[in-house]
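One structure is given here, and the rest of the page talks about it.
Model, not experiment: these values are computed from the prediction. Lettering of chains follows the sequences in order, A, B, ..., and the numbering in each one begins at 1.
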Amino acid sequence: MSPRVAVFKFASCDGCQLSVLDAEDELLAIVGAVDIVEFPEARTRREPGPYDVGFVEGSITTPEDLERIKQIRQDCKVLVTIGACATSGGIQALRNMADVGGYASIVYAHPEYLDVLATSTPIADHVPVDIQLYGCPVSKEQLIETITAVVAGRRPDLPSHSVCVECKARGTVCVLVTGTPCLGPVVRAGCGAICPSYQRGCYGCFGPSSNANVASLATAWEAVGMPRPALARALQGFTVGAPEFQEAIRAL
Amino acid sequence: MPSEVRTIEVGYLTRVEGEGRMKVVARDGKVEEVVFSIFEPPRFFEAFLRGKHHSEAPDITARICGICPVAYQMSSVHAMEHAFGVSVEGPLRDLRMLLYCGEWIESHALHIYLLHAPDFLGYESGISLAQDHPDIVAMGLRLKKAGNEIVRVLGGREIHPVNVKVGGWYRLPTRAELDHLATVLDRVHDDAISTVALVATFPMPDVSRTLEWVSTRYPGEYPMLGKTVVSSAGLDIPVHEWNDWFVEEHVARSNALHSRIKTRGSYETGPTARFNLNSELLSPGAAAAAHQAGLTAPCTNPFQSIVVRAVETLHAVEAALQIIDGYRAPAAPAIQFVEKAGEGCGASEAPRGTLFHRYRLDAKAMITDAQIVPPTAQNQLSIEEDLRLVLEKHIAEPDDRLRTILEQSIRNYDPCISCATHFLELEVDRG
Amino acid sequence: MERRSLSPDGIRSLFVALQQDGFRIVGPAPVTGSVTFAEVGDFDELAIGLGLEVGPGRARVVESPAMFGAIGGPESLKRWQHAPQRVIWAGERGTNGFTGSAVVEESSGPVAFFGVRACDLAGARVLAKAIRRNLDERDLTIALRCTSFAPTCFCTSMGTGPDVPEGGADLVLTEVAGKTRMFVATAASPRGEALLAKAETKPASAADVDKADALVREVAAAMPRAFDPAEARSALAAPASGWDEVASRCMACGNCTAVCPTCFCVTVLDRTDPTATTAERIMRWDSCFTPGFSEMHGGPVRSSTAARYRQWVSHKVSWWWEQFGTSGCVGCGRCIVWCPVGIDIREEVSAAIERSTAHV
Amino acid sequence: MDRARDPVALFAPETREVLAVRRETADTVTLTLAGGGRGFVPGQFAMVYAFGVGESAISLSGDPYRSDVVEHTVRNVGAVTAAIGALKPGGVVGWRGPFGTGWPLVRARGGDLVIVAGGIGLAPLRPVILAVMADRGAYRRVALLVGARRKSELLYTEQLAEWRARFDLEVEVTVDAATDNWRGSVGVVTRLIPLLDVEPSRTTAMVCGPEVMMRFSAKELLRLGVPSRNVFVSVERNMKCAVGLCGHCQIGPLFACHDGAVVPYDRVAGLMEVREA
Ligand SMILES: Cc1cc2nc3c(=O)[nH]c(=O)nc-3n(C[C@H](O)[C@H](O)[C@H](O)COP(=O)(O)OP(=O)(O)OC[C@H]3O[C@@H](n4cnc5c(N)ncnc54)[C@H](O)[C@@H]3O)c2cc1C
Ligand code: SF4
Ligand code: SF4
Ligand code: SF4
């Protein structure tokens with residue numbers, strides 16, 4: 001019997017689950033190999049759990065979410081979080097930083113009206129997660145790799161090293177060494193090093209790599225005219241909620 | 001005689017982008033309540049845009065919606081350029097249109113084949129449609145892939161592309177990249193034509209209504225990157241006068257703002273509105289295909305929006321080919337400008353309709369205030385009016401069938417709920 | 001062998017001769033932000049009159065008085081010798097187990113490596129030993145002796161340049177940049193000679209030859225000494241401590257290993273189709289700086305950045321000798337230029353030598 | 001490049017049928033694969049490939065004198081070993097080998113032999129025991145010290161019992177924790193080394209197990225007086241190719257895949273003593 005797969009959504013832009021439908025070449029083969037029994041964005045037929053694999057997009061932002069994710073965890077044998085929202089709270093986790101901008105007060109002005117939590121948090125803060133796919137959005141290739149790896153019983157190839165490894169393999173000239181600020185050295189690979197190949201620095205949508213050394217990167221940024229506060233600002237993006245970046249922002 | 005009350009509720013609308021629900025109540029054959037509401041949790045984009053540098057807006061606002069990120073990038077860069085008193089024209093603008101063509105093709109093909117066609121053909125999803133009609137879905141996927149390929153080549157990736165910036169681009173495409181796109185588009189040109197013919201054969205519920213249609217306009221072009229806003233009731237204003245004419249309101253049951261035209265009420269934006277206001281500006285092939293499909297402006301049957309979408313897809317394929325053909329690389333990937341304080345407005349045509357952005361910037365070109373009006377919020381009232389109409393017309397149908405038609409009529413708008421819940425302030429009327 | 005001289009037009013004719021002989025040509029080309037080896041289809045795609053101003057963690061394109069003035073671009077010959085990623089095996093599940101076979105690399109035509117320097121050639125020789133694969137015998141190397149050097153260069157310390165050793169290339173060019181650009185050419189193999197015969201050349205005057213040789217000698221004399229390879233070999237033979245300071249700067253990003261012409265490490269990955277009926281094994285560049293590199297169940301053997309940096313440097317300048325009878329470092333300086341934080345292997349090795357002698 | 005001599009051909013496995021599967025412990029099985037070991041030396045390993053999942057270095061654990069089949073004892077610790085461990089008779093794996101160095105049986109002849117195994121480390125040493133017993137007269141005293149975490153994790157229990165019953169083989173088994181009605185020796189295996197009745201200067205020692213266990217065993221053996229050049233250990237490192245091309249298995253100047261896995265302790269003592277992490 002083919003594995004029963006479900007796709008769930010929390011606070012998000014839907015971009016990550018759309019990546020499933022963006023796998024045009026593989027889509028029909030995938031739906032032939034796995035049974036997508038729960039995927040409200042794509043099908044009306046809906047089936048309750050248990051599921052073999054559950055893909056979760058989005059961050060936890062409401063009290064109901066807290067309950068729903070626990071149920072989903074119980075229903076799924078393998079739980080895969082997809083994207084920056086699900087793995088680090090997403091861009092909406094900017095609200096977690098009390099000192100940023102005036103919008104926290106917008107949330108708190110009428111808290112009684114809100115069924116919204118003061119924070120946007122990653123799924124793994126609430127339930128154990130088996131596989132994490134990073135990125136805003138996730139990489140289609142990594143998504144396909146994960147699905148095929150689960151079908152084959154393989155460990156998916158999801159490296160935690162820096163973007164630079166992919167950047168060099170691709171043959172892009174380093175934009176940082178040639179004068180443009182880039183977060184690549186402290187950011188997790190997976191996208192294929194897109195930004196440098198478009199002549200801009202990596203802006204970190206895959207979150208921190210393992211062994212991320214932001215303090216050292218600060219010197220490289222200074223060398224291209226970007227002082228420490230600029231680096232701190234740059235880290236306040238789509239993976240602002242990652243603890244390594246939070247810590248680095250405080251230290252900078 | 002006890003009165004008969006029928007309630008049809010769909011707690012979680014499927015095959016739409018985001019989380020919404022629908023409820024209609026009829027008493028003794030009379031429509032009593034019609035609600036299309038949005039419960040997707042808000043993400044407070046306009047709030048956290050405050051304090052961000054203007055250059056971050058295209059990347060940040062893209063994350064409002066994974067299905068139309070290009071639209072957000074376009075409306076935001078136009079608003080910023082308006083604030084700085086510059087405008088991007090010539091080949092840099094053409095490339096923006098090319099990127100937009102990619103998004104239209106991708107988004108329309110997704111909606112037509114995977115989300116909407118199943119309603120007309122009696123399937124619960126594109127996935128099950130593919131089981132019986134693999135050729136049809138394969139054709140849709142080919143088209144979708146071609147659209148995505150444009151966005152990937154110009155933007156770096158299909159969703160949340162990275163190459164758009166205020167003033168132009170980070171990197172210009174190479175001739176080889178554009179030639180590759182031309183080949184890709186040539187290959188799906190026939191698919192785009194066949195798509196119009198195919199959807200024109202779909203059985204349509206027979207409903208007709210007229211309302212005020214709104215779209216942007218740019219002289220001589222089928223609208224994409226608009227300069228003015230026009231309507232079927234004679235509105236014709238520069239984009240920056242948007243707030244003088246349109247107003248957003250809070251509605252209790254929804255996590256989104258509804259908009260209406262001041263003093264007039266609901267209106268529709270999107271493919272049908274664009275077509276009704278600009279059909280003479282379609283590419284020759286698209287105009288011919290529309291004619292052959294029996295589609296004429298004004299199109300008053302909301303269910304025909306699927307045909308309009310197919311026509312626009314063909315238009316985008318042809319427009320893209322024309323842009324590639326005429327492209328001459330400009331000297332620099334972006335124009336120079338001086339950052340300054342001010343306010344700027346921009347609007348463009350997301351696949352689902354007009355997307356309006358307005359920003360206020362301080363002296364360091366940091367955002368102090370942002371306003372985003374996405375198409376689905378604008379259409380919410382007309383969606384409800386359509387539901388009412390359809391309900392009245394089909395009230396005799398059994399519940400299951402009725403529910404299907406009602407859901408289908410919501411999908412006529414290809415609603416994008418993630419977009420609709422961007423909002424700034426929250427004032428929820430809990431009755 | 002007789003030495004000939006070529007004008008810039010002569011160089012162009014050499015290029016055209018290569019094209020006519022059916023070579024794919026890899027030479028110094030302007031790529032956004034730098035000048036580096038790339039495949040070019042036309043002589044005018046070469047980086048003519050461009051140089052690189054490089055330093056630790058820094059590179060900028062500048063104008064150059066020389067026709068080919070750029071030293072230190074990120075690409076060596078490695079990309080053409082040892083592809084970043086390739087499928088090495090493909091198989092299919094059958095009713096009875098599976099079948100499969102090795103995917104041996106298809107030749108995409110012989111390559112002419114144009115304008116390669118002594119350190120690039122040394123890098124290719126060292127890499128060939130590690131991957132047990134020489135350049136294709138149909139490939140051709142047209143070397144350029146260095147008449148200037150970058151502040152990151154240390155080929156003289158490693159004994160790899162600036163002169164091209166005998167048999168190191170098919171054709172050796174030396175650019176004499178003056179009011180008029182001129183090249184002295186020496187055919188170093190019969191194929192090099194045949195190629196030269198097809199180009200517009202004239203006999204080189206003794207003065208030109210002397211000038212060319214003097215320029216190369218001047219470079220050799222002027223290049224500062226980095227460290228003594230023998231000392232480095234013994235100082236780094238046993239793992240010692242002292243790597244925490246460099247580890248505080250190193251980002252474990254892997255740029256150094258990627259640009260190093262001799263770093264050869266790869267990983268092997270598996271891929272399947274959605275139904276797991278076909279499978280592929282993929283070989284891809286890896287780096288001793290990645291966490292997966294030394295992974296055993298329970299975690300990596302070398303988890304700290306200090307351990308990874310030590311592994312890299314020790315392997316390059318010490319253990320390589322035992323494995324392949326040569327230093328793994330050829331002194332090209334690429335790892336210094338392309339390390340985003342400018343970590344300088346010369347300084348780190350010197351410091352390690354100092355630490356080891358201080359211990360004794 | 002000389003494409004004809006592309007060394008990736010070295011990566012291509014042959015296919016082998018699983019003839020038998022014997023469960024050793026909850027997470028460990030011994031597989032019998034069709035086809036011989038190509039004259040492997042005890043201590044050598046093969047790369048065993050599970051289709052679509054990946055390849056792992058697995059020691060040859062069977063009788064070196066059999067030329068029709070090979071045996072592998074596999075502990076399930078991850079994806080590849082799980083897939084291999086789940087195979088049933090009739091299943092097929094990919095196989096390349098044998099690779100690496102072997103235990104120094106020739107050198108051990110005429111002297112005393114001490115074999116120290118911890119956990120799965122007994123697998124590469126079983127061919128040694130089988131070879132020694134087939135030629136028992138060639139060695140003087142032979143001692144086998146086996147450690148496991150608990151009784152239920154002991155490998156080859158039936159065979160161990162047979163070996164213990166022999167008079168020409170000294171077998172000591174110890175567990176870290178006395179569970180499952182264990183009535184034998186308790187404690188780490190290294191504690192048994194000082195009690196050995198061997199002539200140290202004429203002793204060859206072969207040690208395989210977790211890295212710490214090998215380090216402490218080696219120390220005890222040296223303390224007993226066994227010359228360091230006579231102590232052999234097996235170094236395990238992440239291996240992606242087994243033919244010296246991937247670079248992963250390096251430990252100092254050694255490639256564990258062809259300079260090892262079996263190495264004289266004095267070659268790696270310095271490397272094993274400095275914590276690499
Ligand atoms: C020379 C040698 C002989 C071996 N003999 C045996 C044996 O007889 N029986 C047995 O059960 N195991 C043996 N192993 C260990 C076995 O190779 C690993 O347990 C196995 O590779 C783990 O792979 P996995 O995918 O199941 O686990 P995972 O934990 O999913 O593996 C993840 C990664 O780590 C690497 N890895 C993890 N653990 C090890 C390890 N201990 N050694 C090397 N690489 C590792 C794998 O290559 C893989 O890349 C031997 C290892 C070596 C080097
Ligand atoms: S991670 Fe990014 S792309 Fe994915 S759902 Fe969140 S905002 Fe969208
Ligand atoms: S451009 Fe960025 S990602 Fe690429 S190598 Fe340089 S620092 Fe790393
Ligand atoms: S030395 Fe430099 S290039 Fe190498 S891993 Fe460290 S930071 Fe990266």
Side-chain angles (χ1 to χ4, degrees), chain C residues 80-81 86 88-89 91 93 96-107 130-137 139 237-241 264-272 276 278-279 281 283 286 288 292-297 300-304 307 311 314-315 318-323, chain D residues 1-18 47 49-55 75-81 90-94 210-211 236-255 259 269-277:
Chain C
W80 293 272
Q81 222 179 331
R86 55 187 283 215
I88 57 170
W89 184 86
R93 197 191 286 282
N96 247 325
F98 63 91
T99 52
S101 53
V103 180
V104 172
E105 206 162 51
E106 289 280 319
S107 167
I131 63 171
R132 282 177 240 155
R133 221 176 147 189
N134 290 315
L135 291 179
D136 193 305
E137 52 197 19
D139 290 349
S241 51
F264 62 87
C265 292
V266 289
T267 188
V268 177
L269 297 155
D270 297 88
R271 289 276 187 277
T272 42
T278 61
R281 310 209 74 216
M283 187 164 102
D286 202 349
C288 49
F293 190 78
S294 63
E295 182 187 339
M296 308 262 281
H297 63 268
V301 172
R302 291 181 284 275
S303 53
S304 71
Q311 167 70 27
S314 308
H315 186 211
S318 179
W319 300 330
W320 210 287
W321 285 101
E322 269 181 70
Q323 295 171 345
Chain D
M1 278 133 269
D2 189 347
R3 272 106 189 167
R5 285 195 289 121
D6 189 345
V8 298
L10 298 172
F11 287 69
E14 60 189 70
T15 50
R16 291 192 172 212
E17 193 187 335
V18 178
M47 293 302 277
Y49 168 67
F51 183 80
V53 183
E55 214 180 33
R75 186 156 84 99
N76 175 355
V77 298
V80 176
T81 47
V92 172
V93 293
E211 208 149 307
E236 275 189 22
R237 281 292 181 276
N238 184 314
M239 276 179 199
K240 291 292 175 202
C241 75
V243 290
L245 286 169
C246 78
H248 282 249
C249 71
Q250 293 175 78
I251 166 162
L254 307 179
F255 281 92
D259 301 319
L271 300 165
M272 278 170 89
E273 257 146 38
V274 183
R275 246 176 59 84
E276 282 204 76

> If every non-hydrogen atom of C:R133 is compared with every non-hydrogen atom of D:P7, which pair is closest and at what distance?
Replying inline: CD-CD, 3.3 Å
> With a 4.5 angstrom heavy-atom cut-off, which part of D:R16 approaches chain C: side chain, backbone, both or neither?
Replying inline: neither
> Which atoms form the tightest heavy-atom contact between C:I88 and D:F11, and what is the distance?
Replying inline: CD1-CD2, 3.4 Å
> For the residue pair D:Y49 and C:F98, does the interplanar ring angle fall in the parallel (under 30°), tilted (30 to 60°) or perpendicular (over 60°) class?
Replying inline: perpendicular
> Rounded to the nearest 0.5 Å, how far apart are NE2 of D:H248 and SG of C:C265?
Replying inline: 6.5 Å
>> Please classify the contact of D:E14 with chain C as side chain, backbone, both or neither, using a heavy-atom distance under 4.5 Å.
In response: neither
>> Using heavy-atom distances under 4.5 Å, tell me whether C:S314 contacts chain D through its side chain, its backbone, both, or neither.
In response: neither
>> For a quick test of reading the model, state the closest non-hydrogen atom pair linking D:G247 to C:F293 and the distance between them.
In response: O-CZ, 3.4 Å
> How long is the span from the CG atom in D:L245 to the CE atom in C:M283, to the nearest 0.5 Å?
Replying inline: 7.0 Å
> Which class fits the ring pair C:H315 and D:F255: parallel under 30°, tilted 30 to 60°, perpendicular over 60°?
Replying inline: perpendicular
> In terms of heavy-atom pairs under 4.5 Å with chain D, which of C:T272, C:V103, C:D270 leads?
Replying inline: C:D270
> Rounded to the nearest 0.5 Å, how far apart are CD of D:Q250 and CH2 of C:W320?
Replying inline: 8.0 Å
> Which atom pair, heavy atoms only, marks the closest approach of D:A9 to C:A102?
Replying inline: CA-CB, 3.9 Å
> Atom CD of D:E211 and atom CE of C:M296: how far apart are they, to the nearest 0.5 Å?
Replying inline: 6.5 Å
> Is a side-chain donor or acceptor of D:D6 paired with a backbone partner of C:V104 at a separation under 3.5 angstrom?
Replying inline: no
> Of the listed residues (C:I131, C:L269, C:T99), which shares the most heavy-atom pairs with chain D below a 4.5 Å separation?
Replying inline: C:I131
> Which one, D:L254, D:T81, D:T15, D:D259, leads in non-hydrogen pairs under 4.5 Å with chain C?
Replying inline: D:T15
> Which atoms of C:S318 come close to chain D, meaning under 4.5 Å heavy atom to heavy atom: side chain ones, backbone ones, both, or neither?
Replying inline: neither
> Picking from C:R281, C:E322, C:E295, which has the most non-hydrogen pairs under 4.5 angstrom with chain D?
Replying inline: C:R281
> Quick one: does C:V266's side chain get under 4.5 Å of D:C246's, heavy atoms only?
Replying inline: yes
>> Could you check whether any side-chain heavy atom of C:R86 comes within less than 4.5 Å of a side-chain heavy atom of D:V8, counting everything from C-beta outward?
In response: yes
>> Restricting to non-hydrogen atoms, name the atom on C:A279 and the atom on D:G52 that form the minimum distance, rounded to 0.1 Å.
In response: CB-CA, 3.9 Å
> Given a strict heavy-atom distance threshold of 4.5 Å, which part of D:E17 is in contact with chain C: side chain, backbone, both, or neither?
Replying inline: neither
